[in-house]
Protein chains: 2
Amino acid sequence: MTRRVTIADVAKKAGLSKGAVSYALNGQPGVSESTRQRVLRLALEMGWHPNSAAKALSGARAGAFGLVLARPASTLGIEPFFMKLISGMESAMASSQTALLLQVVPDHAAEIAVYRRWWAERRVDGVFLIDLCKDDPRVPVLEELRLPAMVVGGPGHHGALPGVWIDDASAMVMVMEYLAALRHRRIARVGGVPGMLHTELRTEAFDSVADRLGLEWSTTISTDYSPEQGAQVTRRLLSSGSPPTAIVYDNDVMAVAGVSVAHEMGVRVPSDVSIMAWDDSVLCEITHPPLTAVSRDISAYGVQVAARLLALLNGEVVTEVEETPPRLVVRGSTARPVD
Amino acid sequence: MTRRVTIADVAKKAGLSKGAVSYALNGQPGVSESTRQRVLRLALEMGWHPNSAAKALSGARAGAFGLVLARPASTLGIEPFFMKLISGMESAMASSQTALLLQVVPDHAAEIAVYRRWWAERRVDGVFLIDLCKDDPRVPVLEELRLPAMVVGGPGHHGALPGVWIDDASAMVMVMEYLAALRHRRIARVGGVPGMLHTELRTEAFDSVADRLGLEWSTTISTDYSPEQGAQVTRRLLSSGSPPTAIVYDNDVMAVAGVSVAHEMGVRVPSDVSIMAWDDSVLCEITHPPLTAVSRDISAYGVQVAARLLALLNGEVVTEVEETPPRLVVRGSTARPVD
DNA sequence: GCCCCAAAGTGAACCGGTTCAGCGCGCGCT
DNA sequence: AGCGCGCGCTGAACCGGTTCACTTTGGGGC
């Protein structure tokens, strides 16, 4: 059992002091270029790696960011959103040797407790705040803790915390104008969890555009994002006296469930009802017909968010920023309604 | 900006030495019961939390387990398997204040590099090895590194590493006997990635049971688990001269894609073709008809795996163990074939 | 030739825990 | 009364880095 190689081992072999080796390895001034090269080569040869605990203890970074997911595991599993976001984050964090600490909790209270513990234990250097709500209770806690955080979502409602957001409102305008151009006059929306900021923003946009376009009828029904509720709501909508000619879903899973319900009821897609998903993933391509969807580059979103949290820790001034807006990917599930 | 409260602060307030306080807080002998209670109360009052770096540095645990996912993010996102497994793991780890470090990488080589780095940096106390392959190259590396690991999968092919496995072979027997009892004589299987142990085990079981049952025809076609390939293979199978009357898919996503293709081709489920999914999730319930599936308690699997890795670190002797076998959940996608 | 300064490197303190050797003291035993 | 033992606690070393105050060395300017 060979012992770990420490900075002292490298120093001894190089005939230098620990301090000099530390300077050399970290690109700090205080050693000559030739010495630095020699030390770097030696460290590589000897298979030296910094002990993350020692590094963290001596005032530097913990070398980790935290992400807490406060949704039931059943919902989490099926939404491609999170994994895409996570893999984006990690590709941005890799360059700075930062790891991702993940925790799944049942609710916001537990989430807040995790933040307190992580920060008290100096286990993370910062966290990502996800699923932002209106008047989110987590925001003041993070501010009070002075725990560096980057909010995934917005705009607004994250106090003094920096955030990155995607413009859902204008995407909703795009969606509605597209449907209106197809001559849809009766549009329903199967929305996500009320209280979540992006849900609210979409609802507001939906209502105001519907009004502006002078639609015959429009409504939003709230769900918990689960396919079960998506199916249930769709069933209700399609069996009403005068059903909508188009339905906009707040995620892809519910849209897929919606198509299924339509099949089951003998309602044809898209001739009887047009269906539209929010967030594009392979799920949208496996249904028949494939789903028209609002497509956002979630992975790039993750990259952006992580890069900005790193910048924040480097002392740069980081403010709210808007990601590139979503695109509309038209597939077979939307068409002009037959009269 | 109030400084962190350290063990020295607690010691001063209690009028004790750092050592005594450490003993008191960790349930070690060396202090009287009354002193211990006093210290515990005081620590709570002062809001003391152990600095995880200091703890890790002084020989104790890093307080984290690592999980590396070496699948493309696109596949990961959609398979509920991983999130269920993760949330199970975490519920078992919570009691011992152990965090989960997550990393998504493109391939096994990168995965191995992560293990090496994590262990060299003493960032984790152990790792979970997932998606076990035949003659898995990661196994000898983990053994050589002496990095505590728990293999999710088996039986066999994980050398001296302990593992937890679910009996896929006997589940396959159950599936095939069920289909045979329904009078299916032509059964196709849309398999996962060849080389992965569970894929191979299922293939072997599939072949041997098909043989034993004296089926008229049976075949396995390999895929990469993606819905695209699932759809493509299904299309090919259903358009052949004498199509199968039943198709068994190696995951739920492909089965859902399969149902979609059947709809698209005007093939009725289950009267023209029976469809069966492996791993049960909400996905199986949103199709029409809902899918008959092999159901495994993935979350419990995660709990078991994490609990055993903890036990391993506590010096307990941990050997290979088998989880409770999968159940067959019969829904609407399987029936007796019409002649 | 002398002075001064910057570059290169040293040695020790420090981060916040754990752990081990040692010490004083009260108590039981004979 | 004297001895020994073990409980309860102390003080210091240690983990492996970072950082700071300080020393040595070499070179340029005059």
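Lettering of chains follows the sequences in order, A, B, ..., and the numbering in each one begins at 1.
Not a single donor-acceptor pair under 3.5 Å links the side chain of A:N26 to the backbone N or O of A:Q28. Here the side chain of A:R138 pairs a donor or acceptor atom with the backbone of A:I130 at under 3.5 angstrom. Using modelled atom types, one side-chain atom of B:T98 and one backbone atom of B:S96 make a donor-acceptor pair closer than 3.5 Å.
The phosphate of C:dT19 (OP1 or OP2) has a side-chain N or O of B:Q28 nearer than 4.0 angstrom. Checking the phosphate oxygens (OP1, OP2) of D:dT18, a side-chain nitrogen or oxygen of A:N26 falls inside 4.0 Å. Residue A:W48 places none of its side-chain N or O atoms closer than 4.0 Å to OP1 or OP2 of D:dG16. Contact annotation: B:T6 does not reach the phosphate of C:dC15 (side-chain N/O to OP1 or OP2, under 4.0 Å). When the side-chain nitrogen and oxygen atoms of B:S32 are compared with OP1 and OP2 of D:dC7, none of them lie within a distance under 4.0 Å. Within the structure, every side-chain polar atom (N or O) of A:S58 is placed at least 4.0 Å from both OP1 and OP2 of D:dT19. Contact check, B:S17 against D:dT10: a side-chain N or O comes under 4.0 Å of OP1 or OP2. OP1 or OP2 of C:dT18 sits under 4.0 Å from a side-chain N or O of B:S22.
With C:dG17, D:dG17, C:dC15 as the choices, the nucleotide that has an atom nearest any side-chain atom of A:A54 turns out to be D:dG17.
Computed from coordinates, the A:L25 CG to C:dG9 P distance equals 13 Å when rounded to whole Å. If you take NZ of A:K55 and P of D:dT18, they are 5 Å apart, rounded to a whole angstrom. Between the CZ atom of A:R36 and the P atom of C:dA7 there is a distance of 13 Å, given to the nearest Å. Counting to the nearest Å, the P atom of C:dC14 and the CG atom of B:N51 are 17 Å from each other. The separation between B:I7 atom CD1 and C:dC15 atom P is 14 Å, rounded to whole Å. Atom CZ of B:R61 is separated from atom C1' of D:dC15 by 17 Å (rounded to the nearest Å). If you measure from atom NZ of A:K12 to atom P of C:dG11, you get 15 Å, rounded to the nearest angstrom. To the nearest angstrom, C1' of C:dG11 lies 13 Å from CG of A:L16.
Just one of B:V305, B:V124, B:D125, B:V127 meets the side chain to side chain contact (heavy atoms under 4.5 Å, CB included) condition when paired with B:F65; it is B:D125.
Put simply, the side chain of B:K18 and the base of C:dG17 share a donor and an acceptor less than 3.5 Å apart. The base of D:dC20 sits within donor-acceptor range of the side chain of A:Y23, with an N or O pair under 3.5 Å.
Residue whose closest nucleotide on DNA chain C sits further toward the 5' end, between A:E33 and B:A20: A:E33.
Taken from CG in B:L44 to NE2 in B:H49, the straight-line distance is 8.0 Å, to the nearest 0.5 Å.
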